[in-house]
Amino acid sequence: VDGVEEGRIGAIGYCFGGRAVLDLARLGSGAGVAAVASFHGILDDGDGAEVKDLSDPAAPRVLICHGDADPFVSAAGRSGLESQLRERGARWDMLVFGGVRHGFTNPAQALNDNPSFG
């Protein structure tokens with residue numbers, strides 16, 4: 001695409017899309033993006049999917065924004081993802097917000113009576 005610098009493309013995802021961008025990052029240098037950001041995404045180890053070398057400088061950087069009270073993410077799922085990122089040499093950061101539930105980036109969640117969201 002004219003005007004788009006290939007090395008400056010990123011991908012973001014929310015909820016299931018957050019899981020999808022993490023799966024994209026697992027492709028390593030084949031992901032075709034410089035960075036991914038997952039907001040209240042489903043965190044796990046990718047269900048056995050092959051994970052490429054994430055230490056490659058061409059592999060995307062990873063940002064994860066997660067509420068520690070998100071009922072859709074188990075402690076084992078989060079731990080599995082963190083272990084995978086470490087073992088594969090990823091460049092990653094995780095922001096964990098204490099007492100924050102799923103969907104925290106959506107202001108309309110304040111009107112949602114479901115206790116899972118917030």
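Atom set for the values below is all heavy atoms of this structure, side chains included, hydrogens, waters and symmetry mates excluded. In this chain, numbering begins with 1 at the start of the sequence shown.
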(message) Can you tell me how far apart SG (C15) and CD1 (I42) are? Round to the nearest 0.5 Å.
(response) 5.0 Å
(message) Please determine whether residues V4 and V33 belong to a single hydrophobic cluster, defined as Ile, Leu, Val, Met, Phe, Trp and Tyr linked transitively by side-chain heavy-atom distances below 4.5 Å.
(response) yes
(request) List the atom of V62, the atom of A25, and the distance in Å for their closest heavy-atom pair. (result) CG2-CB, 3.9 Å
(request) Could you list all the side-chain hydrogen bond (donor to acceptor under 3.5 Å, both in side chains) pairs where at least one residue sits in residues 45-55, not counting sequence neighbours? (result) R19-D47, E50-K52, D53-S55
(request) Would you give the length of the straight line joining atom CG of D70 to atom CZ of R78, rounded to the nearest 0.5 angstrom? (result) 11.0 Å
(request) Determine whether I9 and L24 fall in the same hydrophobic cluster, where Ile, Leu, Val, Met, Phe, Trp and Tyr are linked whenever their side-chain heavy atoms lie under 4.5 Å apart. (result) yes
(request) Among residues two or more places apart or on two chains, list those pairs meeting salt bridge (charged side-chain N to carboxylate O under 4.0 Å, His left out) that have a residue in residues 2-16. (result) none
(request) Give a yes or no on whether L27 and V51 share a hydrophobic cluster (residues Ile, Leu, Val, Met, Phe, Trp, Tyr; joining criterion: side-chain heavy atoms under 4.5 Å apart). (result) yes
(request) List for me each residue that meets side chain to side chain contact (heavy atoms under 4.5 Å, CB included) alongside S29, sequence neighbours excluded, and say none if there are none. (result) D56, A58
(message) I'd like to know if the side chain of S79 and the backbone of A75 have a donor-acceptor N/O pair within less than 3.5 Å.
(response) no
(request) Could you give me the CA-CA distance, side-chain angles and deciding distance for L81 and D44, then say whether side-chain contact (heavy atoms from CB on, under 4.5 Å) is met? (result) CA-CA 5 Å; L81 173 64; D44 59 24; over 6 Å; no
(message) Under 3.5 Å, is there a donor on one side chain and an acceptor on the other for Q109 and R101?
(response) no
Would you mind writing out the side-chain donor-acceptor pairs for residues 85-100 within the sub-3.5 Å range, not counting sequence neighbours?
{"unit_1": "R91", "atom_1": "NH2", "unit_2": "P57", "atom_2": "O", "d": "3.4"}
{"unit_1": "R91", "atom_1": "NH2", "unit_2": "A59", "atom_2": "O", "d": "2.5"}

(request) Using the side-chain contact (heavy atoms from CB on, under 4.5 Å) rule, take V36 and I12 through it: C-alpha gap first, then chi angles, then the decisive distance, then the call. (result) CA-CA 6 Å; V36 301; I12 63 172; over 6 Å; no
(message) Before you tell me yes or no, could you show the steps for F72 and F117 under ring-ring contact (aromatic ring centres under 6.0 Å, His included), namely the whole-Å CA-CA distance, both residues' side-chain angles and the distance that decides it to 0.1 Å?
(response) CA-CA 10 Å; F72 301 111; F117 293 87; 5.7 Å; yes
(request) Can you see which heavy atom on G18 is nearest to which on V21, and at what distance? (result) O-CG2, 3.3 Å
(message) Enumerate the ring-ring contact (aromatic ring centres under 6.0 Å, His included) contacts for residues 25-61, please, sequence neighbours excluded, ordered by first and then second residue.
(response) Y14-F39, Y14-H40, H40-H102, H40-F104
